[in-house]
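Quick note on labels: first sequence line is chain A, next is B, and so on, each numbered from 1.
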Amino acid sequence: MEYRFAEIEEKWKKKWEETQLYRVVEDPSKKKFYALSMFPYPSGAGLHVGHPLGYIACDIYARYKRLKGYNVLHPMGFDAFGLPAEQYAIETGTHPAQTTAKAIQRYKEQLNKIGFSYDWNRQIITCEPGYYKWTQWIFLKLFNSWYNREKQKAEPIETLIKFFSSQGCTTEWRQFNPELHETFSAEDWNNFSFNKKERILQYYRLAYRSFTDVNWCPALGCVLANDEVKDGKSERGGFPVERKKMRQWSLRITEYAERLLSGLEQLKWSESIKEQQKNWIGKSEGALIEFRIKNHHIGLTVFTTRPDTIFGATFVAIAPEHDLLQIITTPEQEKEVQKYLTYVKSRTDVERQQEKKVTGCFTGAYAIHPFTGAELPIWTAEYILSGYGTGAIMGVPADDERDKKFAEKFNIPVIEIIDKSMYPNAGIEDKVGIMINSDFLNGMEVQDAIELMLKKVEELKIGKRKTNYKLRDASFSRQRYWGEPFPIRYQVHGEADSPFIDEQSEDEANIPIALDESELPLELPPVESFKPTGDGRSPLAHNKEWVTKKYETDTMPGYAGSSWYFLRYTDPHNQSAFASKEKLDYWGQVDLYIGGSEHAVGHLLYARFFTKVLFDLGYLSFDEPFLRLVNQGMIQGRSAFVFQVTEEKKFISANLLNGNEQGRFIACDISLVDNDKLDIEAFKRWRPEYADYIFITDDEQNFKVKREIEKMSKSKYNVINPDEVIAKYGADTFRLFEMFLGPIELSKPWDEKGISGCYNFLRKLWRLFYDHEGNWIVKDETPDKTELKSLHKLLKKVETDMEQLSFNTSVSAFMKCVNELTEIKCHKKTILEQLLIALAPFAPFITEELYEKLGHANSIHLAKFPQFNEEYLAEETFSYPVSVNGKLRANIDLPLDISEDEARERILELEAIQKWTDGKPIKKFIFVKGRIANIVV
RNA sequence: GCCGCGGUGGUGGAACUGGUAGACACGCAGGACUUAAAAUCCUGUGGCCCUAAAAGGCUGUGCGGGUUCAAGUCCCGCCCGCGGUACCA
């Protein structure tokens, strides 16, 4: 009987579904394990071979854990709200719900072919009202909470209201938000109107609406979060992004900066992802220092991480957007400053990033140096960012690269303050050296000077220690249709009190009112057009009923639903809670999370934030969602190109090109290429416009294409569809091969050449059970030592590999074991049975089939993973490599339990020893038992 | 620039705490079977030298140094590649 994978896989897919083999329920008698793959966004293009890599790895581990006796939660679902489906809807008019449903169906079909052990009963789809009801519910929790800095946790907004009504708000109050610019007494508070109170509360709510700078993408007609913008362009589509002030929703993630940072320590994540999150959060410790302004009563506060360098400060610079700029600019400089501001505004973000010009303008004002009393000119410059620190700096040209350039350009004096002669390799900004020209700091090491200056500044009350973070609040509204509606309605304007938070607002100037939980889900209504309105409002504004009801017309961003989906899997059908406490407590944190590293600062940070908030509010008993994170590498495609000669109807084979030809490379579909050879006729059918072109072939009549490794994508015609691979070799081979390609973290091109090795392996395995004539050749005999050793060597290897997810080496070990068993003609049942169980996570179909043939009524996937036994691995003799001065000379078999002295005797008895040592006396005899023997002469 | 990761045969990649570098697979070469091809099986396969052959020798993990009886692995100084990030004070 031959190994007929198609039949086998069809048979078991059906059976598994019928018997609900992978259904999992909470079972307190068993230890739980939660293995999760990042759920996909189902695009119309379907899966390519790169997508399942992480899923397969996760599935192997989940299956392994199950064999090890764990109760394993291994769910799958779909991230279904988002831009691509909506862009498609705008182009075609098809409702995104339809496109999405179709794509999901396709994805599921493809996934099921690969033989995953998902419990599909737990499937979740983020765009279904049953799911997004709870996304909305969580939004309400965010809206109705504030961050208590004293207790370092989120609390219901009621506690803040209670505080205000009994204590009011003073500048001394730790929670006082300087953005508010307002203090009040308890009595004031109690007399405030509803709108006024709400306006103040907006400064504390974890989800709040404000008028702020946002990344506006005109082409997409919507706002983007910082992590959705790359190099001044939108991550999706690559459209230019502008800075714009808009009224919109944000999440106060900045309050969690410190916890998001310190929480990383305990996590088993890759260094690179942790590092990326750390950089994104961007903690830096320094000081706020106040400079008095000449002829003004106000002060100017700067942020610096180098207070020690203050004696080197020769100017002060503020951001062009700084509030004080207009106030301090002198009449003489007024014109210049206005001119400069016009210039700054004309510069787009992209321009700013590409050409970093040193520009600036003197304001005419002077700051008074707090120690020397010197008058420092105040400049405004575009290199000072309004969003970071205080938007103002003290310029120290001697010790800061940018300040130095600035001073050089505008002829500002430099005062050297640090002697770095002791550190010849130190850069200008390195925190080393001895202080000079710095009054009471002179002679000190930089590190000590920083500390002393911090103390001094606080003592003199001209500043204080301050920790700054780069992390910004997360933009949370999208002027889009295909997303979760906000459970918010606006209070109709028209009352006496001030409109809304920002005075600039012009329309629907209202206070946002949270819907009641009982009103959820607030379902997404139908609209006539999916096009953005063009005036910055979402397509929901087209829906009259929606507008009449004063609902928020923006929708939530893509990451809303994906920031908590892992919690919903624990209890996906719950109607009365996002998940029950018991189930959340049982399944707890995700033990293993596998997904792409592109989510390093987006999804992974938001998910941690949501988890922490829910933890603070008492809904969870853990505040980190993902204990261990593994990022699978990308599988790249090998794109193919044909060379077309300029202005001639001619293509030239790539191996004939010498680089002097004039022409261009045209991407060609890789399905038309076999072993770099193009099927010319097929190419002409694919691209009829080239039907009458001439193809110059090489001596062997072959037309070769140029290959290039690129990201796999439909537009590059280099996509490999897993369905095709599975049809050709079967899912088991596909799974093995994806793992065999290399470590999962590694990016590598898909090269199908090697797949035959994996396919052959399975056929060799099959041959251990059936001979060429199809006779069953498994015997019920007692295994001997060699056979046991071969098996247990494998079992041990697999077990250690599993914990490191080092699946490529495991697959190799299986190959080696099967080779060995084939060689010694081992067809013994006990050996083969254990081999199958160990292999089951990797190749679930073939192992299931053979296991049944061995006479088992139960599924192999419910078996127990065989425990390796060290005894079988023990050697009787060991072949000691004997080296002289580190150079290997011979291998000598010695009994394993031989003592060191005896071994030395035996080695020294060897005749050849004289030759090796050249007759020189032996100085030392190094004897590493079980490893090596080395003689030093 | 800064941060992180890496550099091993023709290729993908192995190598536990420093201890016989190149497991496993592909590819390639030779052989068996076959009229032939495919498939399958067997043998060989880092490079160089020597040999009729066997045996043997030298060399070899990006480059240059160092520590050690022993270095792909540790230390110092470079080079290159990938990923992230950037007027963040």
From the options [options], select the nucleotide whose nearest atom is closest to the side chain of [X].
| X | options | value |
| --- | --- | --- |
| A:R402 | B:G4, B:C87, B:A14 | B:C87 |
| A:K764 | B:G4, B:C88, B:A25 | B:A25 |
| A:Y388 | B:A89, B:U40, B:A14 | B:A89 |
| A:R763 | B:A89, B:C3, B:U40 | B:U40 |
| A:S272 | B:G4, B:G13, B:A89 | B:G4 |
| A:F740 | B:A25, B:A15, B:A39 | B:A25 |
| A:D400 | B:G13, B:A89, B:C24 | B:A89 |
| A:K748 | B:G13, B:A15, B:A89 | B:G13 |
| A:Y383 | B:C26, B:C87, B:G4 | B:C87 |

- Task: Could you pull out the closest heavy-atom pair between A:L794 and A:C817, with the gap in Å?
- Result: CD2-SG, 4.0 Å
[X] [atom1] to [N] [atom2], straight-line distance once rounded to whole Å:
| X | N | atom1 | atom2 | value |
| --- | --- | --- | --- | --- |
| A:K278 | B:C88 | NZ | C1' | 18 Å |
| A:M739 | B:G12 | CE | C1' | 14 Å |
| A:F761 | B:C41 | CZ | P | 14 Å |
| A:Y729 | B:A25 | OH | C1' | 14 Å |
| A:N808 | B:A14 | CG | C1' | 8 Å |
| A:L741 | B:G13 | CG | C1' | 10 Å |
| A:E271 | B:C2 | CD | P | 20 Å |
| A:D751 | B:C26 | CG | C1' | 8 Å |

Using a 4.0 Å heavy-atom cut-off across all strands, classify [X] as base, sugar-phosphate, or nothing.
| X | value |
| --- | --- |
| A:P749 | nothing |
| A:R472 | nothing |
| A:L746 | sugar-phosphate |
| A:D403 | nothing |
| A:I393 | base |

- Message: With a 4.0 Å cut-off on N to O distance, would you call A:D801 and A:K797 a salt bridge?
- Response: yes
- Task: Determine whether A:H603 and A:L605 make a side-chain contact, defined as any pair of heavy atoms from C-beta on separated by less than 4.5 Å.
- Result: no
- Kindly indicate whether the side chain of A:F737, heavy atoms from C-beta on, has any atom under 4.5 Å from the side chain of A:W750. yes
- Relative to each other, are the rings of A:F761 and A:F814 parallel, tilted or perpendicular (30° and 60° limits)? tilted
- Just need the stems in RNA chain B: three or more back-to-back Watson-Crick or G-U pairs, each with both distances under 3.5 angstrom, sorted by first number. B:1-7 with B:79-85, B:10-12 with B:24-26, B:27-32 with B:40-45, B:46-49 with B:56-59, B:62-66 with B:74-78
If we take the [atom1] atom in both [N] and [M], what is their distance in whole Å?
| N | M | atom1 | value |
| --- | --- | --- | --- |
| B:A29 | B:U8 | P | 25 Å |
| B:C16 | B:G22 | P | 13 Å |
| B:C87 | B:A71 | P | 47 Å |
| B:U45 | B:C82 | P | 36 Å |
| B:U73 | B:G7 | C1' | 14 Å |
| B:U67 | B:G9 | C1' | 29 Å |
| B:C3 | B:G13 | C1' | 28 Å |
| B:C50 | B:G66 | P | 31 Å |

- Assigned glycosidic conformation for B:G81 [threshold 90° from 0]: anti
- Item | Residue-level proximity of residues 816-825 of chain A to RNA chain B when a heavy atom falls under 4.0 Å | A:K816, A:N819
- When the ring centroid of A:F406 is compared with that of A:F315, is the distance short of 6.0 Å? yes
- Is the A:F371-A:F311 ring centre distance short of 6.0 angstrom? yes
- Starting from the C-alpha separation in whole Å, work towards a yes-or-no answer on side-chain hydrogen bond (donor to acceptor under 3.5 Å, both in side chains) for A:T809 and A:S812. CA-CA 5 Å; A:T809 53; A:S812 292; over 6 Å; no
For [X] and [Y], which I'm curious about, is there any donor-acceptor pair between the side chains at under 3.5 Å?
| X | Y | answer |
| --- | --- | --- |
| A:D399 | A:T309 | no |
| A:T359 | A:Y340 | yes |
| A:Y388 | A:S284 | yes |
| A:Y469 | A:E258 | yes |

- So A:Y759 and A:D732, side-chain hydrogen bond (donor to acceptor under 3.5 Å, both in side chains) or not? Walk me through it. CA-CA 8 Å; A:Y759 186 53; A:D732 283 334; over 6 Å; no
- Message: With a 3.5 Å distance limit and no angle check, can you tell me whether A:R735 reaches the backbone of A:A843 through a side-chain donor-acceptor pair?
- Response: no
- Query: So, the side chain of A:H827 versus the backbone of A:L768: is there a donor-acceptor pair under 3.5 Å, distance only?
  - Reply: yes
Atom pairs, N/O to N/O, protein against nucleotides 80-84 of chain B, distance under 3.5 Å?
none

- Which residue lies toward the 5' end of RNA chain B, A:M815 or A:E275, if each is placed at its nearest nucleotide? A:E275
- When the nearest nucleotide of RNA chain B is assigned to A:A813 and to A:P743 on a heavy-atom basis, which residue is associated with the more 5' position? A:P743
